[in-house]
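Here the structure is laid out as structure tokens; the discussion comes afterwards.
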Amino acid sequence: MLDEIPKQYNPKDTEDKWYKFWEENNLFSAKVNPGKKPYTIVIPPPNVTGILHMGHALNNTIQDILIRYQRMKGLEALWMPGTDHAGIATQNVVEKTIAKEGLKRQDLGREKFIERVWAWKKQYGSTIIRQLKKLGASCDWERERFTMDKEYSEAVKDAFVVLWEKGLIYQDDKIINWCPRCQTALSDEEAPHRELQSNLYYLKYPFKDNPDGFIVVATTRPETMLGDTAVAVNPKDKRYKKLVGKTLILPLVNREIKIITDVVVDMKFGTGAVKVTPSHDPNDYALGKKHRLGFINVIAPDGKMNKNAGDYKDMDRFEAREVILEDLKEKRLLEKVEPHSLSAGHCYRCHTIIEPYLSRQWFVRMESLAKPAIEAVKKGRIKFHPARWAKVYLNWMENIRDWCISRQIWWGHRIPIWYCLDCKNAAMASAEKPVKCIKCGSTDIKQDEDVLDTWFSSWLWPFATFKNKEDRQYFYPTSSLVTAPEIIFFWVARMIMAGLEFQNDIPFKDVYIHGTVRDVEGKKMSKSLGNIIDPLEIINEYGADALRYSLIAITAQGQDVYLSKERFEQGRNFANKIWNASRFILMNLENAGQSPSGTVPARTDLCVFFKKEELNLANRWILSRFYSTLKGVGKNLERYQFNEAASLLYGFFWHEFCDWYLEIIKADIQNPHNQMVMYKILEKSLRAMHPFMPFITEELWQRLFHEGNSIMVQSWPHLQEDIIDLRSEKIMSEVLEIITGIRNMRLELDILPHADNIAAKVFTANKHKREVLENFSGQIKSLARLKQLTILSEYKRVSGEFASVVKDTHIVIPLSGVIDLKKHKEKITTKIKKAEAEINTKEKMLGDKNFLKRAPGEIVEKEKEKLKNLKEQIQKLKGVYDALK
RNA sequence: GGGCGAUUAGCUCAGCUGGUUAGAGCGUCUGACUUACAUUCAGAAGGUCAGGGGUUCAAGUCCUCUAUCGCCCACCA
């Protein structure tokens with residue numbers, strides 16, 4: 001046996017093997033627990049273009065833990081997987097690949113280009129899915145969806161038509177976020193603002209009637225001055241009172257513009273006079289409408305200056321800026337330049353600076369959709385974890401703005417709006433092409449060219465992923481949503497609105513928002529920064545379980561994760577610890593088996609009931625610790641405190657079960673009680689650890705049972721599992737004799753008193769383990785029977801012997817070498833002082849009427865006991881001090 | 001301009017509804033090749049819990065102010 005199990009755990013030998021096994025046996029299917037209460041999670045669908053990064057790894061590990069946990073708890077657990085067609089991102093990728101053939105998408109035409117996208121998807125689209133499998137994700141892959149699937153697309157169109165019929169969809173000319181590189185409109189959420197180091201340029205605009213006089217305006221975007229149609233000042237501004245209504249000559253283009261007044265102008269900013277460019281700024285647009293100014297667009301969709309820009313035509317907007325500044329300088333119309341930081345929108349796909357652009361787009365009216373969604377969170381039907389995110393959500397929802405949903409790209413759900421070519425202006429929304437125009441009956445009908453925002457399909461995800469009604473009714477609303485804070489607005493908020501609008505019910509009950517994964521310096525991991533730690537590389541090097549454990553262990557609820565590669569060593573080491581503890585137990589179970597076949601005991605069919613008193617102290621101790629660990633793990637999983645749950649298991653298994661318990665029983669490992677308890681705890685620990693570390697636990701489980709059954713579908717270890725069962729008669733024959741008389745009594749476990757805990761430690765003073773055990777095994781046994789057992793730590797070092805029993809109740813064990821007596825004395829003195837001070841405060845407290853009146857009884861008792869202990873401790877310390885003299 | 005988070009051991013961080021002696025991992029130091037594991041084991045050192053004020057019998061934990069860092073939102077030309 002020893003030869004069969006390698007000394008080190010090698011994830012590569014197990015991971016792919018067991019994943020395949022799980023898949024082949026359909027263990028990911030919700031039907032593993034048919035008809036039970038459903039527990040559903042829908043995956044945040046990664047982009048088809050996606051490659052697994054640490055954020056995914058964390059996100060999906062959390063979901064997998066929840067799903068595996070609930071599955072083991074016996075629920076019909078469904079993890080619904082799929083991918084997102086990611087309109088702009090995917091189109092960009094495919095455009096890049098065809099660019100290698102010297103082609104643009106326009107060369108291919110819409111249809112051919114979309115064919116190419118599908119072809120690309122077929123070839124590369126499942127990369128991220130394969131990577132999720134590497135991670136161990138137990139999704140029900142049979143149900144995998146794509147947001148461009150036929151049924152899904154139907155749902156998207158239906159949703160659009162429903163909103164249209166309610167009058168919630170409209171078309172309008174507005175200044176929207178335009179990405180000149182992707183050449184499409186973007187929603188406000190898709191154009192995050194980022195600080196930009198820039199300048200404030202002070203430009204002189206001369207008067208028409210007095211070319212030597214001028215007014216100075218300040219701007220951050222001088223290139224837009226070509227489209228200016230006014231200069232505005234605040235009506236209260238005394239400086240400009242006399243100038244209002246005057247005509248200016250716009251430099252470079254020599255167009256006449258007027259000075260107007262409006263209260264929105266901030267007198268304190270710049271010169272208090274602002275150039276008005278209605279076509280290129282949302283504020284100016286409003287001013288333009290209000291004052292009926294001209295709208296002159298000077299920038300083309302590709303970010304280059306257009307024909308209205310005269311000599312600057314075809315220059316890139318930023319190049320034009322420089323040239324314009326040069327020209328103004330030459331004409332002495334550039335007064336000064338001040339450094340100025342401003343924030344500008346950036347395309348969330350290609351990071352190009354957004355151009356505010358006037359164009360006709362489709363919008364969704366959001367206010368009425370937001371109302372019930374706000375209520376749902378306020379009333380607690382949907383809970384955020386951690387709760388603080390609810391505020392962020394509510395703040396956004398309460399200030400919601402209309403959603404620009406049209407995109408000028410090809411890859412996506414084409415807007416189901418149809419135009420009659422005969423009687424213009426007649427737009428109809430319909431899932432299918434209308435046979436004829438509802439107004440004039442013409443059959444000359446054309447569909448809108450634009451596609452919908454990707455998120456217009458994502459927001460339907462929690463229900464549109466279910467193909468048939470039965471499933472939808474059964475699994476919706478889903479249970480938990482696990483996601484990152486970045487997409488609360490993009491996705492979470494919109495799903496809540498969509499769920500309530502289209503399904504008349506919330507899409508999920510809990511939203512767990514985990515932190516963002518950052519590098520050691522706190523920067524977000526990104527390709528461009530080159531600070532990526534590739535999860536696949538970690539899996540390759542340390543194993544998927546190590547990756548999963550480490551990620552979970554360092555992720556405090558909702559806090560950002562600062563990651564460095566070394567962190568994964570902890571996970572790897574833990575996996576190895578589990579491996580070796582199991583190896584040790586397997587080895588010893590077999591040796592003890594004495595059966596010709598040498599098989600290890602398998603579960604069930606023999607149930608033996610023990611009375612707590614029948615077990616020795618070490619066994620009682622470890623069992624009580626184990627059950628309280630399980631309790632904590634369960635509790636913390638329910639509360640989304642994954643790091644707590646993980647570290648409880650870690651601490652118990654490593655530092656209590658391995659370091660203490662296994663060391664204690666080593667000396668008497670053939671003892672049937674010890675055999676049983678170590679076996680039982682291992683077996684249950686594997687189950688409890690399985691959601692966190694699925695591969696290694698499966699491998700060991702299989703080695704333990706040879707049954708071909710999977711740990712995946714075992715039950716989560718029951719909290720009050722007070723039955724200890726084993727079935728190997730070979731091992732248990734001796735035990736049976738012992739327990740015959742007490743067979744049907746229940747084992748009542750409780751938490752052993754602290755003193756017992758310490759006594760357990762006394763059993764193994766590692767350095768002299770053998771001697772201690774040999775010399776004192778008899779004494780230990782008798783000591784274990786003692787109710788009160790304490791260790792007097794100060795004797796540890798002074799005693800020259802390994803261990804000795806001091807008075808009746810104290811054991812002393814020297815743990816390491818010689819000590820400096822003088823220092824030791826000092827220490828004892830300070831300790832005594834500390835203890836005395838403590839006693840003082842405690843006595844004060846206990847003499848305090850307020851305390852006695854208000855503190856709960858148990859606390860008073862505790863305090864009294866503490867005082868007593870302190871007094872005892874001080875006596876001992878003094879004794880030690882005297883002894884040292 | 002609003003909102004949120006962070007500040008705890010040398011480093012990175014836990015510490016949930018206030019209540020034993022404030023914990024872990026890594027690092028450092030001292031020991032140990034012990035019949036599972038050196039990806040190990042035993043032990044040690046190391047903390048006025050950012051600072052001021054307050055509430056309480058009791059504060060790392062609640063309130064308030066301040067400082068520093070970080071994040072998000074916002075039509076500051």
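Each chain gets a letter, A, B and so on, in the order the sequences are listed, and its residues count up from 1.
- Between U39(B) and Asn580(A), no contact under 4.0 Å exists linking OP1 or OP2 to a side-chain N or O.
- U55(B) and U12(B) have their C1' atoms separated by 34 Å, with the value rounded to a whole Å.
- Proximity of a side-chain donor or acceptor of Ser343(A) to a complementary backbone N or O of His193(A) within less than 3.5 Å is not detected.
- Remark: RNA chain B forms stems of 3 or more consecutive Watson-Crick or G-U wobble pairs, all pair distances under 3.5 Å, at B:1-7 with B:67-73, B:10-13 with B:23-26, B:28-32 with B:40-44, B:50-54 with B:62-66.
- At a cut-off of 3.5 angstrom, the base of C37(B) holds no donor-acceptor pair with the side chain of Lys7(A).
- A residue-by-residue look at Pro192(A) and Phe584(A) shows that Phe584(A) has its nearest nucleotide of RNA chain B further toward the 5' end.
- You'll find that the side chain of Gln641(A) is closest to G15(B), out of A42(B), G25(B), G15(B).
- Remark: Arg388(A) is not in phosphate contact with G3(B), judged by side-chain N or O atoms under 4.0 Å from OP1 or OP2.
- Partners of Trp491(A) by side chain to side chain donor-acceptor pair (under 3.5 Å), not counting sequence neighbours: none found.
- Counting only distance, with no hydrogens or angles, the side chain of Asn234(A) and the backbone of Val265(A) share a donor-acceptor pair below 3.5 Å.
- Between the side chain of Asn177(A) and the backbone N or O of Ala191(A), no donor-acceptor pair lies under 3.5 Å.
- OP1 or OP2 of G1(B) has not a single side-chain nitrogen or oxygen of His193(A) nearer than 4.0 Å.
- By the 30° and 60° cut-offs, the orientation of the rings of Tyr661(A) relative to Phe657(A) is parallel.
- Comparing C29(B) with C49(B), their C1' atoms sit 25 Å apart, to the nearest whole Å.
- When the side chain to side chain donor-acceptor pair (under 3.5 Å) test is applied to Asn395(A), the partners found at least two apart in sequence or on another chain are Asn399(A).
- In terms of phosphate contacts, Lys391(A) brings no side-chain nitrogen or oxygen within less than 4.0 Å of OP1 or OP2 of G3(B).
- The nucleotide whose nearest atom lies closest to any side-chain atom of Val265(A) is, among C37(B), A77(B), U40(B), A77(B).
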